[in-house]
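Data block below; observations after.
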Amino acid sequence: MKLKPPKAKGPAALKPVAAPKPGDRVIEASFLAGAKARDQFPPPVMAEIAFAGRSNVGKSSLLNCLTERKNLVRTSSTPGCTRQISWFQAESDDHSIIHLIDLPGYGYAKRSKSERVLWGELIDGYLLGRTTLRSVVLLIDVRRGLEEDDAELVRMIESPPTVTRPVLEVVLVATKLDKLSRAEHKPRLQELSRQIGRPVLGFSAEASIGRVALWRKLRRIAGVGYQEEEAPAEGSQLQSSQLQVVPFRNEPAQGT
Ligand code: GDP
């Protein structure tokens with residue numbers, strides 16, 4: 001009896017990456033610096049990839065998963081408690097180094113107006129004034145989609161920088177993919193991509209889905225990856241005019 005080849009499960013974007021490549025593994029990861037104001041930013045010495053998203057979107061968990069550490073970045077059940085920008089350094093097994101920047105989460109309703117102004121100044125100063133910034137990874141909850149404050153952040157990223165540097169690449173990542181059934185992964189990611197007008201990568205820190213694909217993409221953007229590792233991203237720069245706020249379909253993403 002001839003055995004049928006196993007049926008491919010799940011969407012192409014979520015297929016396990018075939019063979020490990022140099023640089024896939026993170027051999028060293030550490031906290032470098034924290035800043036609550038612009039004058040505390042460390043010197044711009046290396047390509048930086050920043051991570052942004054609403055409080056509780058799963059940013060700390062994603063950073064821990066990406067760097068293959070349990071507690072490099074403190075996850076929290078209290079949204080909005082991180083008010084500083086944090087710099088982390090990750091060294092891959094090919095000894096290349098990338099700096100990962102954890103931006104404070106936004107959209108936390110209980111924050112006072114003055115806190116929000118300070119947040120805006122800090123983020124603005126970093127996103128528009130950092131010469132070494134190469135990409136912003138914007139995290140959205142796969143169930144919530146792109147919300148107004150996410151779109152606002154993209155508009156801020158697209159405003160003219162105060163320094164000379166290459167155009168920033170915005171990478172959209174939908175977190176907590178494991179909250180959907182496997183059959184829903186592909187249709188939901190396609191729906192989000194269509195609505196936002198930009199490819200959306202799926203990710204789950206809980207189920208470790210999407211780690212290698214995202215890591216390789218970020219390495220390429222940072223200038224330490226291998227060209228052949230990933231298909232070129234469709235489309236070009238994210239245009240804020242194309243952004244659509246996606247209505248929240250499921251239950252509120254409070255907690256998890
Ligand atoms: P942050 O505020 O954006 O840094 O979010 P955290 O990483 O602290 O996560 C917020 C909450 O979401 C925590 O309760 C996490 O356990 C949960 N969470 C984070 N990532 C995932 C994921 O991939 N799947 C699920 N089911 N929960 C997650």
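Numbering of ligands and ligand atoms starts at 1, following listing order. We number each residue from 1, following the sequence as shown. Note that the coordinates shown come from a computational prediction; the quantities given were computed from them, not determined experimentally.
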Practice item. Flag Asn56 as yes when one of its N or O atoms lies below 3.5 Å from any N or O atom of ligand 1, and as no otherwise. Key: yes
Check your understanding: Is there a nitrogen or oxygen of Val57 sitting under 3.5 Å from a nitrogen or oxygen of ligand 1?
Key -> yes
Exercise for review: Check whether any heavy atom of Gly53 sits under 4.0 Å from an atom of ligand 1.
Suggested key: no
Name the atoms and distances for all side-chain donor-acceptor pairs under 3.5 Å in residues 199-212, with sequence neighbours left out.
| unit_1 | atom_1 | unit_2 | atom_2 | d |
| --- | --- | --- | --- | --- |
| Ser204 | OG | Asp178 | OD1 | 2.7 |
| Ser204 | OG | Glu206 | N | 3.3 |
| Ser204 | OG | Ala207 | N | 2.8 |
| Arg211 | NE | Cys65 | O | 3.3 |
| Arg211 | NE | Leu66 | O | 3.1 |
| Arg211 | NH1 | Asp24 | O | 3.1 |
| Arg211 | NH2 | Asp24 | O | 2.9 |
| Arg211 | NH2 | Leu66 | O | 3.0 |

Check your understanding: Got an N/O contact under 3.5 Å between Gly58 and ligand 1?
Key -> yes
**Study point:** With Arg38 via salt bridge (charged side-chain N to carboxylate O under 4.0 Å, His left out) - residues at least two apart
**Key:** none
Point to revise | Nearest candidate to atom 20 (N) of ligand 1, where distance is taken over non-hydrogen atoms, out of Ser61, Ser60, Ala52 | key: Ser61
Check your understanding: Should you measure from each heavy atom of Asp178, which atoms of ligand 1 turn up under 4.0 Å away?
Key -> 22 (C), 23 (O), 24 (N), 25 (C), 26 (N)
Review point. Can Arg220 and Glu169 be counted as an ion pair, charged N to O under 4.0 angstrom?
Key: yes
Review point. Should the pair Asp94-Arg219 be classified as a salt bridge under the 4.0 Å nitrogen-to-oxygen rule?
Key: yes
**Study point:** Glu191 and Arg188 ion-paired at < 4.0 Å
**Key:** yes
